[in-house]
2 protein chains.
Amino acid sequence: MVGKTDNDDVLERWISQARKGYFEMLLLARVSAGRAYGYQIVASLKHAPGFENLAEGTVYPVLSRMKKDGLVTAEWVAEETGAPRKYYTITDRGAAALARMRAVWTRMGEVLDAQGDTA
Amino acid sequence: MVGKTDNDDVLERWISQARKGYFEMLLLARVSAGRAYGYQIVASLKHAPGFENLAEGTVYPVLSRMKKDGLVTAEWVAEETGAPRKYYTITDRGAAALARMRAVWTRMGEVLDAQGDTA
DNA sequence: GCAATATATATAGCAATACATAGTACATGG
DNA sequence: CCATGTACTATGTATTGCTATATATATTGC
């Protein structure tokens, strides 16, 4: 089996950096699509390309920070069976933040693409 | 004169995080467009939306790191007048890394956009 | 001639965030 | 009873953009 090359490791490190910021936006978008609980969010994101190895330890702290920043609300719900679940709902402030993040992300993409024409 | 709101500060902080990773890709793209020296790169990026306040202290360390990682080469050129300039040229390894970064960036955008459909 | 400004490059320290890892608790199945 | 799945929490580490500052040379205006 072919092991990882130096290039793979460099790109993995880069991806980790590139996700800073992006990941909060991604989670906000996910919650914006409909109220959800933590484990459910982790499980659904694991189906997205590139996130197969996503760990809970990556997701829960961001959800906590988003709650602290007022971007989402969190509510414990006791299930008939199983552990209680913490459901997250986006707030107006969170929806506004998400819109602005998307705009910035789009602009960053445009700035990137513009680098090829200004040699 | 209207000052910044909390929302502005939160977004500014977020932008700083969102630029991690992205900024290296941006500089690689800039150098990929044609060999350039540091001050010139700073000056041209300052015309890009969102980068009006870009500082040299942000750019030179990333150029240094890219050289150290073998993504670009650097070459001092003495000008007839003025201080000597350090010119940067992308390497094959840098071009390959840029292509992969772009692919990841595109995929991240797709994953983000997909969050609206999976409620 | 000197001060201010522009051009040109460099560096240290800090703040913030994704990630890895480990832990706790409850339910289920063999 | 143990392993696994479900569900959430805590902590330390690594890394990078940003701020602030420094140094050097050339040009311009008084």
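Below, chain A is the first sequence line, B the second, and so on; all start at residue 1.
Aromatic ring pairs are classed by plane angle as parallel below 30°, tilted from 30° to 60° and perpendicular above 60°; the pair A:Y22 and A:W105 is tilted.
Residue B:E56 places its side chain closer to C:dA10 than to any other of D:dT15, D:dC8, C:dA10.
A 4.5 Å side-chain heavy-atom check between A:Q115 and B:L45 finds at least one atom pair inside the cut-off. Residues B:L71 and B:I90 fail the side-chain proximity criterion, which asks for heavy atoms closer than 4.5 Å. Annotation: side chain of B:Y88 is not in contact with side chain of B:T73 (no heavy-atom distance under 4.5 Å).
Using a 4.0 Å heavy-atom cutoff across all strands shown, A:P61 reaches no nucleic acid atom at all. Across all strands, B:V42 comes closer than 4.0 Å to no nucleic acid atom at all (heavy-atom distances). Residue B:T58 is classed as a base contact, given a heavy-atom separation below 4.0 Å to a base. Heavy atoms of B:G57 sit under 4.0 angstrom from at least one base atom. If you check every strand for non-hydrogen atoms under 4.0 Å, B:Q40 touches nothing. Counting any heavy atom pair closer than 4.0 Å across all strands shown, A:Y60 reaches a base atom.
Between A:L54 atom CG and C:dT17 atom P the separation is 17 Å, expressed in whole Å. The interatomic distance linking A:I41 (CD1) with D:dA7 (P) rounds to 12 Å, in whole Å. In this structure, the NZ atom of B:K20 is 4 Å from the C1' atom of D:dT16, given to the nearest Å. Atom-to-atom, CD of B:E24 to P of D:dC18 comes out at 13 Å; the value is rounded to the nearest Å. For the pair A:M66 CE and D:dC8 P, the computed distance is 14 Å after rounding to whole Å. For the pair B:Y39 OH and C:dA6 P, the interatomic distance rounds to 8 Å; values are reported in whole Å. Rounded to whole Å, the distance from CG on A:L63 to P on C:dT17 is 14 Å. Between the C1' atom of C:dA16 and the CD atom of B:E12 lies a distance of 15 Å, rounded to the nearest Å.
Of the side-chain N and O atoms in A:R65, one or more sit less than 4.0 angstrom from OP1 or OP2 of C:dA18. Between A:Y37 and D:dA7, a side-chain N or O to OP1/OP2 separation shorter than 4.0 Å is present.
Residues B:D69 and B:N53 each lie close to DNA chain D; by heavy-atom proximity, the contact nearer the 5' end of the strand is made by B:D69.
A donor-acceptor pair is defined here as one N or O able to donate and one able to accept, closer than 3.5 Å; such a pair exists between the side chain of A:T106 and the backbone of A:R102.
Of the residues in residues 74-91 of chain B, those lying under 4.0 Å from DNA chain C by heavy-atom distance are B:W76, B:P84, B:R85, B:K86, B:Y88.
A cation-pi arrangement, defined by a distance under 6.0 Å to the six-membered ring centre and an angle within 45 degrees of its axis, is present between A:R19 and A:F51.
Classification of A:E24 and A:R65 as a salt-bridged pair holds, one side-chain N sitting under 4.0 Å from a carboxylate O. With respect to the salt-bridge test (charged N to carboxylate O, under 4.0 angstrom), the residues A:E79 and A:R85 qualify.
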